[in-house]
Protein chains: 2
Amino acid sequence: MMNKVELSSKQRELIERLGVSHEKSGIPPAPSRILGLLMVSPELALSFDSIRETLNLSKSATSNALNMLLTMNRIEYITQPGDRKRYFKNRLVSWREEAKTAFERITQVSAILEEVLENRTKETPEFNENLREAISFMRFMNQHLPELYLEWEKSKD
Amino acid sequence: MMNKVELSSKQRELIERLGVSHEKSGIPPAPSRILGLLMVSPELALSFDSIRETLNLSKSATSNALNMLLTMNRIEYITQPGDRKRYFKNRLVSWREEAKTAFERITQVSAILEEVLENRTKETPEFNENLREAISFMRFMNQHLPELYLEWEKSKD
DNA sequence: TTTTTGGTTCTCAAAGAAAAGAACCAATAA
DNA sequence: TTATTGGTTCTTTTCTTTGAGAACCAAAAA
């Protein structure tokens with residue numbers, strides 16, 4: 001039953017740093033470590049048990065974390081004929097979608113701020129002007145980020 | 001001692017929505033509401049007690065939240081001659097700095113990912129290529145976001 | 001039919017985050 | 001000198017998050 005993935009101390013360190021980085025963006029510790037492991041591991045597709053044993057997690061923690069990551073679309077799993085196990089992989093492809101989501105957050109915030117602006121007293125022109133400027137910046141970003149993305153696509157060839 | 005700020009239900013709603021939005025970016029509930037209040041309130045500079053009473057917070061919660069926001073540079077306070085009270089205001093100016101911080105996060109992440117890439121096995125060329133691409137995208141963004149900012153500045157006149 | 005595998009779900013304990021309330025304190029006012 | 005103001009700090013409580021462990025369960029294997 002030795003399902004553990006063998007990792008160098010450098011690899012373990014990177015997993016932790018990736019973990020912390022994910023925690024910063026709001027993902028809980030266990031799922032964060034799993035994402036890290038699935039980024040660093042030489043083997044791309046890992047079974048429930050090898051994840052569990054490599055990271056010293058309980059079954060419940062592993063199960064919940066994997067399901068959360070599946071729901072978030074951050075990982076996926078593959079299966080093999082004649083093997084009931086699922087093998088989980090980092091869905092690295094999803095970074096484009098993530099970027100998009102991050103950009104959409106800007107839209108949401110600027111929408112709220114516009115509503116705030118509409119409802120503000122006219123007695124505070126300077127503040128309102130500042131607010132207007134922030135909104136304008138966000139709108140501008142939103143308009144031009146897609147173009148920037150296309151530019152990057154082109155720059156690749 | 002009626003220090004409460006008078007707010008319409010629309011204004012209260014906006015404060016809550018701004019609050020939730022701030023919570024999403026990692027700021028705790030009380031400070032989040034205070035930021036919302038200081039964004040919506042017709043009066044720009046509010047005293048400790050009017051914040052406390054308007055948001056129904058305890059003294060300790062108010063004190064801690066205000067100090068956290070001061071440390072984060074999200075608010076500032078002004079004083080008036082012959083008045084010991086401090087009047088707190090939203091430091092709306094700081095959105096540029098915040099944007100910069102957000103951009104810097106991209107740099108940090110791409111730095112970790114590069115290190116991961118250097119330490120990956122060569123046996124997984126497709127995965128590695130994807131990773132390389134994600135890194136390239138982040139680097140590109142980082143290079144061009146400052147230009148985009150300048151463009152926006154110009155577009156204002 | 002019974003056992004094993006590959007998990008899931010439930011219950012509980014531990015730890016941490018938030019906030020309340022009271023005690024406290026320095027500076028000003030009386 | 002004493003009282004008040006404008007907070008800060010400490011202690012306690014409450015709520016939430018996280019994860020462990022055990023019970024559970026469906027599908028497949030024996």
Side-chain angles (χ1 to χ4, degrees), chain A residues 1-5 15-16 19-20 22-38 45-72 74-89, chain B residues 1-5 15-16 19-20 22-38 45-72 74-89:
Chain A
M1 346 254 89
M2 251 301 133
N3 284 317
K4 246 187 234 185
V5 179
I15 292 173
E16 288 308 314
V20 171
H22 284 122
E23 286 184 48
K24 275 191 199 162
S25 66
I27 297 173
S32 294
R33 296 295 169 300
I34 294 181
L35 280 179
L37 172 59
L38 293 179
L46 301 181
S47 71
F48 188 98
D49 273 318
S50 63
I51 292 171
R52 202 179 80 69
E53 287 175 30
T54 310
L55 297 177
N56 295 308
L57 294 171
S58 68
K59 283 179 102 181
S60 57
T62 309
S63 171
N64 290 326
L66 286 174
N67 286 322
M68 163 178 249
L69 293 172
L70 285 169
T71 307
M72 297 173 75
R74 298 295 303 263
I75 62 171
E76 63 189 331
Y77 62 84
I78 55 176
T79 52
Q80 251 121 50
D83 183 354
R84 213 146 45 94
K85 277 186 208 137
R86 296 180 291 173
Y87 295 86
F88 300 90
K89 327 175 37 173
Chain B
M1 341 264 94
M2 252 300 131
N3 282 320
K4 245 186 235 183
V5 179
I15 291 173
E16 288 308 314
V20 171
H22 285 119
E23 285 183 48
K24 274 190 201 163
S25 66
I27 298 172
S32 293
R33 296 301 128 66
I34 294 181
L35 280 179
L37 172 60
L38 293 178
L46 301 181
S47 71
F48 187 99
D49 273 317
S50 62
I51 291 171
R52 202 179 79 68
E53 288 175 29
T54 308
L55 297 177
N56 295 308
L57 295 171
S58 68
K59 285 180 99 180
S60 57
T62 308
S63 173
N64 290 326
L66 286 174
N67 286 324
M68 161 178 253
L69 293 172
L70 285 169
T71 306
M72 297 173 75
R74 299 295 304 262
I75 62 170
E76 63 188 333
Y77 63 84
I78 55 175
T79 51
Q80 252 119 48
D83 182 353
R84 227 163 13 114
K85 275 186 207 134
R86 295 181 291 173
Y87 294 87
F88 299 90
K89 328 173 40 173

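All chains are named by letter (A, B, ...) in the order of the sequence lines, taking the proteins before the strands, and each is independently numbered beginning at 1.
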Once you round to the nearest 0.5 Å, how far does [atom1] of [X] lie from [atom2] of [Y]?
X	Y	atom1	atom2	value
A:S47	A:R84	OG	CZ	13.5 Å
B:K4	B:R52	NZ	CZ	10.5 Å
B:L35	B:L69	CG	CG	4.5 Å
B:L38	B:I51	CG	CD1	5.0 Å

Note to self: If you assign each of B:I27 and A:Y87 to its closest nucleotide in DNA chain C, which residue comes earlier from the 5' end?
What the structure shows: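 Looking at the nearest nucleotide for each, A:Y87 comes out on the 5' side.
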Can you work out whether B:G26 or A:L66 has the more 5'-proximal nearest nucleotide on DNA chain C?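 On the 5' side of the pair lies A:L66.
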Atom-to-atom span, [atom1] of [X] to [atom2] of [N] - whole angstrom:
X	N	atom1	atom2	value
A:K85	C:dT4	NZ	P	16 Å
A:M68	C:dT9	CE	C1'	17 Å
A:N64	D:dT18	CG	C1'	10 Å
A:E53	D:dA20	CD	P	14 Å
A:I78	C:dG6	CD1	C1'	16 Å
B:L69	C:dA18	CG	C1'	14 Å
B:F48	D:dT9	CZ	P	11 Å
A:D83	C:dT4	CG	P	19 Å

Comparing nearest nucleotides in DNA chain D, the 5'-proximal residue of the pair B:T62, A:P31 is B:T62
Given DNA chain D, 5'-ward residue of the pair B:F88 and A:G82, judged by closest heavy atom:
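That would be B:F88.
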Tell me if a side-chain donor or acceptor on A:R86 pairs with a main-chain N or O of A:T79 at a distance below 3.5 Å. no
Exercise. Is the backbone of A:S50 close enough, under 3.5 Å, to the side chain of A:T54 for a donor and an acceptor to pair up by distance?
Worked result: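 The answer is yes, because a donor-acceptor pair under 3.5 Å joins these two groups.
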Check: D:dG7 base within 3.5 Å donor-acceptor of B:K59 side chain: yes
Point to revise | Donor-acceptor pair under 3.5 Å, A:S60 side chain vs D:dG19 base | key: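 Side chain to base: no pair below 3.5 Å.
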Would you indicate which nucleotide in [options] comes nearest to any side-chain atom of [X]?
X	options	result
B:R84	D:dG21, D:dG6, C:dA19	D:dG6
A:P29	D:dG19, D:dT8, C:dG7	D:dG19
A:S58	D:dG19, C:dT9, C:dA20	D:dG19

Would one find a side-chain N or O of [X] under 4.0 angstrom from OP1 or OP2 of [N]?
X	N	value
A:R33	D:dG19	no
A:R86	C:dG6	no
A:R52	C:dT8	no

- request: Just call it for A:N67: base, sugar-phosphate, or nothing, with non-hydrogen atoms closer than 4.0 Å on any strand.
  value: sugar-phosphate
